[in-house]
Amino acid sequence: MVQHISIGSNFAGINPKNKKHTQIFTEVVQEMSSSTEVEQKDDHFEELFQRLQPKKPVAGGLVANYQGVWFYAELLQATLTFQKHFKAIDSDIILATMAKSGTTWLKALTFSIVNRNNHSVDKSPLLFSNPHYLVPFLELYLYKDGNIPDIDSMPCPRILAAHLPYQFLPSSILDCSNCRIIYLCRNPLDVFTSVLQFFLQNGHISSPSMSIDVPFEEFCQGIHAYGPFWDHCLGYWDASLKNPQKVLFLKYEDLKKDINSSVKKMADFLGYPFSAEEEEAGLVEEIATLCSFENLKNLNCNKEGEIQTVFRAKHNSFFRKGEVGDWVNLVPPSMANRLEKLMQEKFGESGLTLDIHGNSVG
Ligand SMILES: Nc1ncnc2c1ncn2[C@@H]1O[C@H](COP(=O)(O)OS(=O)(=O)O)[C@@H](OP(=O)(O)O)[C@H]1O
């Protein structure tokens, strides 16, 4: 069945004060993920997944290792569809993260920086729409269930997101295009903690008193969606060293420490630098405040509702604590030391360092 929709709505023309218009944001992206061309379900996929001998980690569904990376079946299928059909164009902006590394924040910031001439901060669509609709996920959302979204009709620059490792991005992103990639990395203990809390909040694991021994062991073995964690970071780290014009490597902890400098850095990298007048008028700070945890968490559009990606997630579950070092409330020091040593060993001579105690270095 081939069903095309045309996405005529230009985000720039939408008035976020108008309730009907703000729904368009959500609906455009929802339609893109559901009523485009649908790829026939490949009977061989189930067979392929079973051949990979999937495991059942304590948290989340079955995962299988495909080309060195752990995937849920639905994710792997969506990734293969994405790789096959996505055609990058030069103006594309790809936001890449390991899950729970600050993706929602990165989406809000990038959307605001790039669209600042289309909407003033007090009329931002972010005030009315969860960031995951404004900047949709590729493999998790747009290409899920065999969908082939009509993303050619998305207004440019298209800002899109993926949790995929660098080498899993389609070749048109990696080789053929000048599109930019921003990668946001976060200390692995906070990632681990955030993932478990997210699963709990969304009912993907049931017991709040569950021991963390087994999920922690699995994390240290790299057995979790998109894992291993260290390969994910290193792929983008190496790419950012080889091609700094194309890949910007950021750390969550650095954003927390100095958001204004980070906003300016992102804007420069993306080719949307702030003018002296904009800086004087305080636009950098305005964007930082708009996208701050406290502001986004308290908006109705983020307090209510849920999004159906490959998984179902409550909007409010993307905004939990937003702190550096919250892992101390979950992970004992002996485990933290183990992970710290593991990271040092895995990162080796790469030059990448993540201070798991929360202070960003390197
Ligand atoms: N604006 C802002 N500023 C700072 N921190 C923020 C912000 N928005 C979300 N968060 C925190 O990011 C964590 C969620 O990670 P992701 O957004 O990557 O989740 S997801 O991968 O998109 O599901 C999650 O971290 P934890 O609080 O540690 O669980 C969120 O609270």
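Remember, it's 1-based here, ligands and their atoms both numbered in the order they're listed. This one's a predicted model, so the numbers in the text were calculated from it and none came from an experiment.
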Minimum-distance protein heavy atom relative to [atom]:
atom	result
atom 28 (O) of ligand 1	Arg186 NH2, 2.9 Å
atom 12 (O) of ligand 1	Gly102 CA, 3.9 Å
atom 31 (O) of ligand 1	Arg320 N, 3.0 Å

(message) Which residue in the set Phe269, Trp237, Tyr236 passes ring-ring contact (aromatic ring centres under 6.0 Å, His included) when paired with Tyr183?
(response)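 Among Phe269, Trp237, Tyr236, the one meeting ring-ring contact (aromatic ring centres under 6.0 Å, His included) with Tyr183 is Tyr236.
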
(request) Scan side-chain atoms only and decide if Lys303 and His315 contain a donor-acceptor pair under the 3.5 Å cut-off. (result)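 Result is no, nothing qualifies.
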
(request) Mark the output for His132 as yes if a heavy-atom distance to ligand 1 is under 4.0 Å, and as no if none is. (result)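 The answer is yes, since His132 has a heavy atom less than 4.0 Å from ligand 1.
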
With a 4.0 Å cut-off on N to O distance, would you call [X] and [Y] a salt bridge?
X	Y	answer
Arg116	Glu278	yes
Asp152	Arg158	yes
Lys256	Glu323	no

(message) I'd like the name of whichever of Lys321, Lys100, Glu323, His163 reaches closest to atom 27 (O) of ligand 1 through any heavy atom.
(response)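 Nearest heavy atom to atom 27 (O) of ligand 1 lies in Lys321.
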
(request) Using heavy-atom distances, let me know which of Tyr252, Phe137, Trp105 sits nearest atom 11 (C) of ligand 1. (result)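 Residue with the shortest heavy-atom distance to the ligand atom: Tyr252.
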
Does any N or O atom in [X] lie less than 3.5 angstrom from one in ligand 1, N or O only?
X	result
Met98	no
Ala99	no
Phe198	no
Thr103	yes

Tell me whether the guanidinium CZ or amine NZ of [X] lies under 6.0 angstrom from the six-membered ring centre of [Y] and within 45° of its axis.
X	Y	answer
Lys100	Phe198	yes
Arg338	Phe216	no
Lys314	Phe319	no

Does only the side chain of [X] get under 4.0 Å from ligand 1, or the backbone, or both, or neither? Count heavy atoms.
X	result
Lys107	neither
Cys291	backbone
Ser101	backbone
Phe318	both
Ala108	neither

(request) Flag yes if more than 12 heavy atoms outside Lys341 fall under 6.0 Å of its NZ atom; otherwise flag no. (result)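 Open: at most 12 neighbouring heavy atoms sit under 6.0 Å from NZ of Lys341.
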
(message) Rounded to the nearest 0.5 Å, what separates atom CD in Gln167 from atom CG in Asp238?
(response)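 Atom-to-atom, Gln167:CD and Asp238:CG are 10.5 Å apart.
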
(message) Taking 4.0 angstrom as the limit and counting only heavy atoms of Ser194, give me the atoms of ligand 1 inside it, by number and element.
(response)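 Every atom of ligand 1 under 4.0 Å from some heavy atom of Ser194: 13 (C), 24 (C), 25 (O), 26 (P), 28 (O), 29 (O).
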
(message) Within ligand 1, which atoms have a heavy atom of Phe319 less than 4.0 Å away?
(response)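 Those qualifying, in numeric order: 8 (N), 9 (C), 31 (O).
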
